[in-house]
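Beneath this line is the structure, given in C-alpha cells, with notes to follow.
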Amino acid sequence: MASFLAAALLLILLLPRLWVEFAWFEQFQLEQLLLRRWAVQGVAFIAVLGLGIPLQLQQLQRCWSLRSQNQIQRGNLPPLRGWGLSFVLALLLGSLLLGLTYLLVQARGLINAPFNNEALSGLPMLAGVPVGLLLALALALLLPLLRWPLTTLRIALSAALVASATALARGWSLWLPALLAAPFGQGDPITGLDLSFTLLQLPALQLVLSVVMGQLLVGLAACLWLSVSQGNSFSEWYFSGLSKPQQRVLQPQLAALALVAALITALSPFELMVDGHGVAAGAGFVDVYVRLPLRLLLAGLLLLTAGGLMTPLPSGWLRRGLLLPLACTGLLIPLAELLIAPVVQRFMVQPRELQLERTYLERTIKATRAAFGLDQVQQETLEPRQGLDAADLKQGPGTIENLRLWDNQPLLATNRQLQQLRLYYSFPSAAVDRYSLSSDQNRGAQQVLIAPRELDANALPGASRTWQNLHMVFTHGYGFTVSPVNAFGPDGLPIFFVKDLGRSGQVQGFAELDVTSAEVRRQLPVGEPRIYFGFNATPYAIAPSRVKEFDYPEGDLNIYSHYKGTLGVPLSHSWQKIFAANYLREPRLLFTGALEANSKLLLRRQIQARLKAIAPFLRFENAPYLVTASLPPGSGFKRGVHQFWFVDGFTTSRSYPYSEANSQGLRYLRNPVKAIVDAYTGDVRFYVSDPQDPILRTWQRIFPELFAPLAEMPKELLKHIQVPQSQFAIQAEMLLRFHVTDVRTFYNGDDVWDIPLEIYGNRSVEVRPYHVTLQLPGEKRPEFVLLLPFSPLKRPNLVGWLAARNDGNAYGKLRLVRFPQQRLLLGTQQISALIEQDPVISRQFGLWNRQGSEVIQGNLLVVPIGKGLLYVEPIYLKARNGGLPTLVRVVVSDGRRFVMESNLEKALALLVAK
C-alpha cells in the first residue's frame, strides 16, 4: 500500500511536467519522438531494477541468513584480529561508500548532461567530490551499519540500484545509437572492426560495464560486511574466518567481479587506439608490443580467475594452488607495465623512433585528416608577387567591390547608439551574409552585416520588472538592421539598407553601390518583424492575452500588438493552466485573469536551447545568423514571416581511432545538419546537408521523422547557407600540422604552421576567419568564401591561406593555397607593424590619439587579387569617453607601399599609381 501511494504521489508530481513537455513537442508534430525517448528510458530503468533487485537483495539476504545461524562452520581461511580486522572493516566501509558515491555521481552526471562522455565512467566527476565529505559520509554510515546492518545495507543497495537504473536510462544517448549504429565502411587498424564499434558502440559498452562494476563492488562489500561483523567480532575484535557456506555464497560475486574486470581490461586495444602514449595520437610501438600484450594477459588471467571461482574444485589445496597464483600474477601485471614500458620507450624506441613509429605516425596522419575532413581539401600552389598594378585590380572587380570595411564590433557599437532606440532593446550579434542586390553579376552578391534588434528584459528598470511586464508585455524584439560592409556615409558612420522602427522604418537603396530601393525591398523583406525567438536568453512569454504586447515607441506613444502564431503550449483549459503553473512554479499564472482561449505558453525562446531540447545528440553553432527572405506558399512556415535563424548542427566524437584531439578534445567533426528557426513562431526544421555522415545516419534510423533532405529547404533560404565558422576554425587548427602527409617531415616538425597575429584596436590578437567575396584562382565568377591566412610557426610571414566556399554546388569545399616558402611574403603581423611605422600614418595616429580620441585598427584583410596580394585595414576613430566608432580612413598595401586615404577607391588608385 505504501509503495502504491508513493508511486501515485510521484505520478502527481511528474504529470504536469510530462504534459508540458509533451505539448511542447506536439507543436512541432514531434510527440512520437518524445514518446520514443521516454519509452526507451522507462524500459531501461525497469529492466535494471527488475534484474538488480532480485540479484542484489536476495544475495544480501542469503549472507544475512548464514550470519544468523547459531552453528557456523569455520572455513579454511585465516582468522582476523586486532589491526588486521580494523583494516578489513575500513576497507569494506570505504569500498561500499566509494561504489555508492560513484554510482550516484555518475547518475547525476548523466541526468545533467546525458551526452557528456565524461559521465561514462563517473571517475572525472568523482574526483571532484571533496575527501572531507567522503570521510563525513563514512562516519555517518558507520553507526547505522553497527546498529542496524541489514536495514542500512538494504537502503544502500537500493540507492545504488536506483542510481544504476537512472544512469542507464539517461544513457539512452549512448546505448540506443550503439544498437542501431550505421556502418562506417572502414575498419580500425588493430582489430579490423568497423569504426562504428569504436565511435558508437564502445562508449555504450563502457557505460554498462562501469555500472555493473560499481554494483558488484557495492554488493560484495555489503555481503562481506555482514559476514565479517557476525557474532562477537566487534566485542572481541576477532573474526574466526568465513565458513564454507559463506565462501560458496560469495564466490559468484567474486567471479562476476573478475569477469567484468576482464572485459574492461580486454577493451585495451580500443582505448590505446584513442589515447596512445608515444609520438602517434593512437597506439604506438610500446603500446602495441608492451602495454597491449600485458593488458590482454591480465584480461586472460582475470577470466581464468572468474572461471576458477565458478568451477567446483575437489579440495582446498587445489583451489589455492590455482587461484592464488592467478590473482597474484594479475596484481603484478599493472606494476610490470608501469616499469617495463618507460624502459622500452627510452632505451629501445627513442634511439630509432622514426623507424619504429613510422607505421603509427602514418595512421595518425591518415585518421586525423579523415576525421576532420582534411582529406577532401583541394591543394594548389601559387607564387604571388609582392606588388600590384592596375591590371591586377581589373582582374578582381567583384573582390574590390565587396571588400569589407566594417567589422562586427564597431558596427554593433554604432547600432547600439543609433538603432537600439530604447534601453530594453539590444543588438547581441551581427553576421556577414550576402544578398543579390545588384543587377551587375560581375560584382557578385552584395555583402551585408545583418543585426537583429532583440529584447533584453534584464535592461528594464527595476520598477518595471514586474511579472506581467516580463512575461506578457515585453515579449519580443522588433526588426533588424542591414548595412553594406563596403560603404559608409560622409560622417564616417555606416549606411543602412534597413533601419529604424515601425512607420518610420526605412528600406532604401544606395546609388553608389548600384542598389535600388525596389531591389532592397524585394531581397530584404521586413514583413512581420517581431522576434519572439532569438539569440538572447529570454524568459518564457504568455501570448496572446488580454494584455497588449509592446512593439516599439513612436514619438511619445507606444505601439502594441498581439502574438498571432499558432505554436506554443496551449493554455485554453483550467487543467492546462494548473499544469503550466506547476511546471513553471508560478502560482500567479492561475490568478492573472489576463489569459484568453487562444493564449499560448512560449518556452525555450533562446534558439540554441530550443534546438538542443529537440536534438540533444547534436552540437549547435554558438553564433547563429539571421536571414530575411520571402518564402512562397507551401514552404511550411507561417505566411508573412520573413526572418529566420540559421543554426549549424554538428556530430562529434572523442573516440576516433588514431585521430589527434583538437583543443576541445574532439577527434571527429562533421556538419551534417542545417537547422532553421522561425524568429516569430519558433517553428523548427532540420535539413541534412551531409547524408554520408555515419553518426547522423545512425540518428536518422532512430528519429527518421526529424530530418528532411537539404533539397527540401526553400530555395530562398538555401542561397544563404554558410560553412560554420567554428567548424572552419577547427579544421584550420588541425591543418596547422596535418597539412603535412610525409611522415619524416611530420615527425621532424619543420613544416608546422600557425595562425598569424594582427593588431586590432591597440592589442595583438590572432587573425579570425573572415568572409570575403573574391574570385578564386581558376574560377570565372566572384563567390562568397570564408578565408584564413597561415604563417610558419614562430615566423610572421605568410605561407598560405585556407578558403571555404559557400555558393551553389561548391558549398563546403575547402581550398588550400600554399605559397613558396623560399620567398618572403609579408604576413599580417608584419603589415600591422609597418603600418604603424609608416611616417605619414604614424603621425596621423598620434594626432588623433592626442585629441581625446582613440584610434581603432580594424581587422586586417589579406585577399588575393590578380597576381599579387592586397592588404586592407579599416581605421576607426572613437572618443575616449564613449562616442560612436566612425570609419575615418582605409589603409591599403601590396607589401611594398602603404597608402592611407579617406576611402578605398582613392587608396587603391594611389597604390597602383606609377
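Computed from heavy atoms alone, side chains included, the values below leave out hydrogens, waters and symmetry copies.
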Without hydrogens or angle criteria, can the side chains of [X] and [Y] be said to hold a donor-acceptor pair below 3.5 Å?
X	Y	result
R434	N402	no
S561	R530	yes
N671	S689	no
S426	E454	no
N469	S464	no
S726	E621	yes

Check your understanding: Less than 6.0 Å separating the ring centroids of W406 and Y876?
Key ->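 Yes, ring centres under 6.0 Å apart.
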Exercise for review: Please say whether the positively charged group of R685, taken as NZ for Lys or CZ for Arg, lies over the ring of F644, i.e. under 6.0 angstrom from the six-membered ring centre and within 45 degrees of the axis.
Suggested key: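 No, R685 does not sit over the ring of F644.
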Review point. Is there a side chain to side chain contact (heavy atoms under 4.5 Å, CB included) between F28 and L567 once you walk through the steps?
Key: CA-CA 8 Å; F28 310 112; L567 271 65; 3.9 Å; yes
Salt-bridge present ([X], [Y]; N to O < 4.0 Å):
X	Y	value
R36	E31	no
E21	R604	yes
D551	K548	no

Taking the inter-plane angle between the rings of [X] and [Y] on a 0 to 90° scale, is it parallel (under 30°), tilted (30 to 60°) or perpendicular (over 60°)?
X	Y	answer
H476	Y532	tilted
F550	Y560	perpendicular
W575	F579	perpendicular
F617	F703	parallel

Check your understanding: Out of Q523, Q643, H720, E716, which one pairs with T628 under the side chain to side chain donor-acceptor pair (under 3.5 Å) rule?
Key ->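 Of the listed residues Q523, Q643, H720, E716, the side chain to side chain donor-acceptor pair (under 3.5 Å) partner of T628 is Q643.
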Practice item. Evaluate the criterion salt bridge (charged side-chain N to carboxylate O under 4.0 Å, His left out) for residue pair D683 and K638; output intermediate values, then yes/no. Key: CA-CA 9 Å; D683 200 3; K638 179 179 171 59; over 6 Å; no
